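Everything below concerns the one structure shown next.
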There are 2 protein chains.
Amino acid sequence: MAKFQTVDIGRSASAASIIFAALRRAIVEGDLADGEPLRQDEIARSFNTSRIPVREALTMLEQQGLVKTERYKGAVVAGLSMAEATEIFDFRALVEAEVMRRAVPNMTTEVLDTARACLERFAAASDPMHYGDLNREFHETLYRASALPYHLGVIENAMDRIDRYLRAQLVLSDGMERARREHLAILDACARGEAERAAALTAEHIHGARDSLAEHMEQRNG
Amino acid sequence: MAKFQTVDIGRSASAASIIFAALRRAIVEGDLADGEPLRQDEIARSFNTSRIPVREALTMLEQQGLVKTERYKGAVVAGLSMAEATEIFDFRALVEAEVMRRAVPNMTTEVLDTARACLERFAAASDPMHYGDLNREFHETLYRASALPYHLGVIENAMDRIDRYLRAQLVLSDGMERARREHLAILDACARGEAERAAALTAEHIHGARDSLAEHMEQRNG
DNA sequence: ATATTGAATATTGGATACAATATCCGATAC
DNA sequence: GTATCGGATATTGTATCCAATATTCAATAT
């Protein structure tokens, strides 16, 4: 029997995981451009570590498909061709629609309220580059109700790989306004418990983003 | 202009990638039991390397979900609970059915012949533990026709995580015979160009394996 | 006997040092 | 001038060594 309240002192993370998280964020948010080389030495200096944890972080990023490594040549940020981006959008539409279908029956009013709050913050947000985070938070809040952790992990990885393109496209044209409209429609279907409609709207939402992105960048590498 | 024929001398792989491949194979094929600890020192000795490439290999395996690592405690083979295994089967059914749907229109007679040859080798195979390889080869041959590399990668990872359970189950009861029958039906649908039927049969095939596995092991960790 | 403490051991995380390879750049031959 | 060669430099891959943490187990107190 514990006589004193125990506190979890956050068990400081490994250097490798910290570096991984930082690099991942930089890539996902588009701070590092496609093809940009990631020098072990340079990264190690900026984190005040040796190259060993840097290498582990790069290994993780490579497994996630966020960087490409060539032996004795180093790692570069892995860009996506139009075909690759399109494929990932299609994959997301497939999986996220299914997850939504299975999440709707489990959605409590708390989940719906949290998602609604995301949309309100989304509408009120001043920093355009923060839209991406709120967008992900909205979707993941709903998906979490599915209680399908493997699916969620796969979706998260797929999002990571196209997020920077999505974010760039979101601020262009009517991307923001349309996203807002579609999000409201999805949330409405969820609130009414119409799983099939929520799933269909989710797939449309993602396919729309795919097509919009395809339009707004015909100038891309293969 | 090259005066001499250049030969690609297979560019010897890094120690880390060799160790990764070996450990992955051992886990996927079930040679290493769930929860078995993977000691860096021991592995390093058996490959005549230092622990550095071993650690990179373990990092890769962790990203793929094949091992679980705890800081200062080391890595163990990551087993699956019944719920986790079931979820991965459902995921596979979803994705593989879609990939099949999109692969059928692209299937050349060569693809179909290769797949048919897999089934013949499958029927004639003497080593039961080799069934798993032929099973994967059959499916992947058909899926490759979809030209959806991202989907294929995701499927491969999902397969990796449940393959040992599948293999164990395949040799039990009528697993072999039923697999043979279902494979023939799938191949038939492909040959006739019936994409929807091939997709439906694929989903059934995987759901059948899921249910069969669930029956044959009620005794499992959570 | 049981629980607790603390040293000894084992194991992992990270830093430094060295080896292997690629890249750059000037020299040279044509 | 252009192409090829060879050394200098830069960068990655691996080995060795030290630090940090976990685990084990004997000694002790209750």
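These numbers were taken from a predicted model, which means no experiment stands behind them. Letters A, B, ... mirror the listed sequences (proteins, then strands); counts begin at 1.
Atoms CZ (F47(B)) and P (dG13(D)) sit 19 Å apart, rounded to a whole Å. Taking atom CD1 of residue I19(B) and atom C1' of nucleotide dA15(D), one finds them 13 Å apart after rounding to whole Å. For the pair E56(A) CD and dA15(C) P, the computed distance is 11 Å after rounding to whole Å. In this structure, I52(A) atom CD1 and dT12(D) atom P are separated by 13 Å, rounded to whole Å. Between the CD1 atom of I18(B) and the P atom of dG13(D) there is a distance of 13 Å, rounded to whole Å.
Note that CG of L112(A) and CE of M107(A) are 6.5 Å apart. Values are rounded to the nearest 0.5 Å. Distance CD/Q40(A) to CZ/R45(A): 12.0 Å, rounded to 0.5 Å.
Side chain of S17(B) to backbone of A13(B): no donor-acceptor contact under 3.5 angstrom is found. Distance alone, capped at 3.5 Å, places no donor-acceptor pair between the E96(B) side chain and the A93(B) backbone. Checked by atom type and distance alone, the side chain of N106(A) pairs as donor or acceptor with a backbone atom of A145(A) at under 3.5 Å. When atom types are taken as modelled, the side chain of E56(A) and the backbone of A16(A) share no donor-acceptor pair closer than 3.5 angstrom. When atom types are taken as modelled, the side chain of T86(A) and the backbone of M82(A) share a donor-acceptor pair closer than 3.5 angstrom.
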Using the 3.5 Å cut-off, write out each protein N or O paired with an N or O of nucleotides 7-9 of chain D and the distance between them.
none

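Between H139(B) and H183(B), the ring planes lie perpendicular to each other; the angle is over 60°, past the 30° to 60° tilted range.
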For nucleotides 5-12 of chain C, just jot down a letter per nucleotide in 5' to 3' order: B, S or -, based on protein non-hydrogen atoms under 4.0 Å.
------SB
